[in-house]
Amino acid sequence: MNFEVIKEDVGSEARLGRLETAHGTVDTPVFMDVGTLGSVKALEPRDLAELGTQVVLGNTYHLLLRPGPEVIAAAGGLHRFMRWDGPILTDSGGFQVFSLARMRKFTEEGCRFNSHLDGHEFFLGPKESMAMQRTLGSDIAMVFDECLPYPCDRARAEASVARTVRWAERCRGEPRADGQQVFGIVQGGIYDDIRRRCAEELVKIGFDGYAVGGVSVGEPEEEMYRAVEASVPYLPKDRPRYVMGLGVMRQMAECVARGVDMFDCVIPTRIARHGTAITRSGNIAIKAAKYAFDQGPVEEGCECYCCRTFSRSYVRHLLACGEILGLRLLTIHNVWALNRFMADMRAAIAAGTFGEFRRELPPA
RNA sequence: GCGGGAGUAGAUCAAUUGGUUAGAUCAACAGAUUGUGAUUCUGUGGGUUGCGGGUUCGAGUCCCGUCUCCUGCC
């Protein structure tokens with residue numbers, strides 16, 4: 001078994017878990033940092049270790065376009081290429097084909113699309129995605145799926161999900177790297193019964209873990225929770241569950257309460273580069289004029305390197321000038337803030353106080 | 001002292017033979033961002049067109065005076 005549930009919350013579906021991978025053990029619930037191109041933007045592997053990051057994401061689509069499988073293979077896989085010894089999860093490219101590629105054409109075999117970089121034509125399907133993820137050598141590979149837009153009519157959702165399930169089955173049968181796990185992805189848009197059926201079909205195929213995909217694509221927040229509620233209960237309790245693309249504290253806590261164990265999101269690193277700091281009491285735009293003379297840390301009480309060392313005034317100055325150190329310092333803070341948040345959530349579940357933890361979170 | 005040139009938003013510059021509410025780009029400020037977009041997107045504020053007169057239905061534009069800066073000459 002790759003996954004062990006250590007403790008279950010009594011007042012919710014939250015659970016404390018431990019996920020074994022070929023590159024180490026992951027404590028769940030966990031937030032995973034997105035490192036699309038083989039780098040968590042602005043951070044080095046040693047930073048990630050210090051910040052408490054457990055898993056780094058890589059991306060099949062992006063790494064296929066650049067630098068390409070040959071370069072990764074020559075390095076001996078993504079771990080060695082980027083010098084990160086910890087667990088790596090690779091996204092299949094399904095979402096990127098949906099969100100980035102131009103001129104895409106779907107067939108039963110996959111998707112032909114043009115690179116968003118230079119228009120060069122590529123083809124990605126279950127076979128190609130798994131081959132690339134094998135080359136990357138990730139600890140966890142995701143199946144190649146089709147991410148539905150929002151809104152999406154029922155007929156299209158049904159047809160798409162049927163194909164996503166067929167693709168999942170093909171992915172399951174493809175060769176993989178040593179010790180590589182494969183996670184299935186539940187789709188179905190906002191249609192509860194389609195999601196349920198998708199989950200059940202995936203469970204029949206049997207995966208090492210299961211993800212809920214196709215959320216936070218523009219639907220209202222309530223719909224997102226409904227999508228999770230329509231998926232998670234039909235997934236095995238002894239397998240890790242992963243909601244893809246979520247990284248807002250309250251949303252993650254709400255999903256944990258619904259039985260989710262893993263998350264990833266570009267939010268903490270992206271908004272850091274745009275000048276916003278994540279704090280327990282909400283996001284703050286450090287670039288704001290009101291912080292120009294503020295000698296306090298980005299977040300009061302935070303123990304990250306940025307907050308221990310620098311003032312809001314200085315970080316604001318760096319961001320205002322476009323100094324890359326500003327991006328880096330805020331990224332350090334935001335990554336730390338989310339890792340700390342998840343650690344606190346795990347501690348709360350362990351202590352049986354998750355209910356209070358959840359209630360004390362700010363509403364927005 | 002004399003000649004020439006230039007004064008328009010915080011900055012750099014536009015504005016048809018004089019013609020609607022003087023624009024653009026940076027900067028500033030605010031917001032956005034959910035399986036990645038640092039150098040991105042959206043929005044907002046900002047002007048006694050150096051100052052004072054004059055001509056005209058109408059002046060950033062033409063005329064007179066004046067101030068400042070640049071430049072050349074003595």
Side-chain angles (χ1 to χ4, degrees), chain A residues 31-43 55-63 65-66 88-101 116-117 124 129 133 138 140-150 164 183-187 209-221 223-225 227-228 242-252 254-255 260 262-278 282-292 316-331 334-335 338:
Chain A
F31 176 78
M32 307 181 286
D33 285 310
V34 177
T36 302
L37 284 157
S39 154
V40 177
K41 296 185 191 299
L43 300 182
V55 184
V56 170
L57 259 72
N59 195 284
T60 300
Y61 172 95
H62 290 277
L63 294 168
L65 267 52
R66 290 185 307 194
I88 292 177
L89 181 149
T90 44
D91 193 13
S92 62
F95 184 79
Q96 285 65 41
V97 167
F98 157 77
S99 65
L100 292 175
H116 68 288
L117 298 171
L124 210 46
S129 176
Q133 294 186 78
S138 54
I140 298 170
M142 302 303 297
V143 297
F144 187 78
D145 64 335
E146 183 183 5
C147 184
L148 286 169
Y150 176 86
T164 283
F183 281 23
I185 304 176
V186 179
Q187 292 288 350
Y210 298 87
V212 177
V215 298
S216 64
V217 290
E219 77 282 13
E221 202 172 43
E223 295 284 358
M224 182 178 76
Y225 294 133
V228 172
Y242 164 27
V243 170
M244 309 186 78
L246 250 53
V248 173
M249 287 181 178
R250 183 174 37 79
Q251 292 175 353
M252 289 194 287
E254 287 305 307
C255 288
V260 178
M262 304 164 70
F263 305 91
D264 80 282
C265 193
V266 305
I267 281 247
T269 46
R270 178 183 293 168
I271 68 176
R273 295 192 302 275
H274 294 171
T276 299
I278 296 172
N283 293 352
I284 59 175
I286 277 298
K287 280 196 295 189
K290 55 186 170 181
Y291 303 120
R316 176 185 179 276
H317 159 70
L318 295 176
L319 292 165
C321 296
E323 282 289 335
I324 55 176
L325 180 58
L327 315 183
R328 180 169 151 74
L329 291 177
L330 259 198
T331 301
N334 282 356
V335 167
L338 279 203

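The chains referred to below are lettered A, B, ... by the order of the sequence lines, with proteins before strands, and numbering in each begins at 1.
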**Request:** Kindly say whether, by distance alone, the side chain of A/Gln187 makes a donor-acceptor pair under 3.5 Å with the base of B/G35?
**Result:** yes

**Message:** Heavy atoms from C-beta onward define the side chain here; which of B/U33, B/U34, B/G35 lies closest to that of A/Asp91?
**Reply:** B/G35

**Message:** Looking only at the side chain of A/Val248 (C-beta and beyond, no hydrogens), which of the listed nucleotides B/G37, B/U34, B/G35 gets closest?
**Reply:** B/U34

**Passing option when A/Thr331 is tested against A/Asn334, A/Val335, A/Leu329 for side chain to side chain contact (heavy atoms under 4.5 Å, CB included)** = A/Val335

**Asked** Heavy atoms under 4.0 Å, any strand shown: does A/Thr331 hit a base, just sugar-phosphate, or nothing?
**Response** nothing

**Asked** Side chain of A/Ala288: nearest nucleotide among B/A28, B/G35, B/A30?
**Response** B/A30

**Complete:** Per atom distances to the A/Leu246 side chain, the nearest of B/A38, B/G35, B/U34 is B/U34

**Message:** By the 4.0 Å heavy-atom rule, please label A/Gly35 as base, sugar-phosphate, or nothing.
**Reply:** nothing

**Request:** Say whether A/Glu221 and A/Gln251, considering side chains only, have a donor N or O and an acceptor N or O under 3.5 Å apart.
**Result:** yes

**Prompt:** Do the side chain of A/Asp145 and the base of B/G35 come within less than 3.5 angstrom through a donor-acceptor pair of N or O atoms?
**Reply:** yes

**Message:** Closest approach to the side chain of A/Ile324, judged atom by atom: which nucleotide of B/A28, B/G31, B/A38 is it?
**Reply:** B/A38

**Message:** With a cut-off of less than 4.0 Å, is there a side-chain N or O of A/Arg270 near OP1 or OP2 of B/C41?
**Reply:** no

**Request:** Would you kindly give the CZ-to-P distance between A/Phe95 and B/G35, to the nearest whole Å?
**Result:** 6 Å

**Prompt:** Phosphate oxygens OP1/OP2 of B/G37: is one of them under 4.0 Å from a side-chain N or O of A/His62?
**Reply:** yes

**Prompt:** What does A/Leu89 touch in the nucleic acid at a heavy-atom separation under 4.0 angstrom: a base, only the sugar-phosphate, or nothing?
**Reply:** nothing

**Fill in**
From NE2 of A/His274 across to C1' of B/U34 the rounded distance in Å is 13 Å

**Asked** Relative to each other, are the rings of A/His116 and A/Tyr61 parallel, tilted or perpendicular (30° and 60° limits)?
**Response** parallel

**Message:** Please determine whether a side-chain nitrogen or oxygen atom of A/Arg273 lies at a distance below 4.0 Å from atom OP1 or OP2 of B/U40.
**Reply:** no

**Request:** Just compare B/A38, B/G35, B/C29 and give me whichever is closest to any side-chain atom of A/Cys147.
**Result:** B/G35

**Separation of the C1' atoms in B/U39 and B/U33, to the nearest angstrom** = 16 Å

**Audit row: A/Gln133, A/Thr90, side-chain hydrogen bond (donor to acceptor under 3.5 Å, both in side chains) steps and yes/no** = CA-CA 7 Å; A/Gln133 294 186 78; A/Thr90 44; 2.7 Å; yes

**Item:** Rounded P spacing from B/C62 to B/U49 in Å
**Value:** 16 Å

**Request:** Could you work out which one of B/G37, B/U34, B/G31 sits closest to the side chain of A/Cys265?
**Result:** B/U34

**Prompt:** Counting side-chain heavy atoms from CB outward, which of B/G35, B/U34, B/A38 is closest to A/Lys41?
**Reply:** B/A38

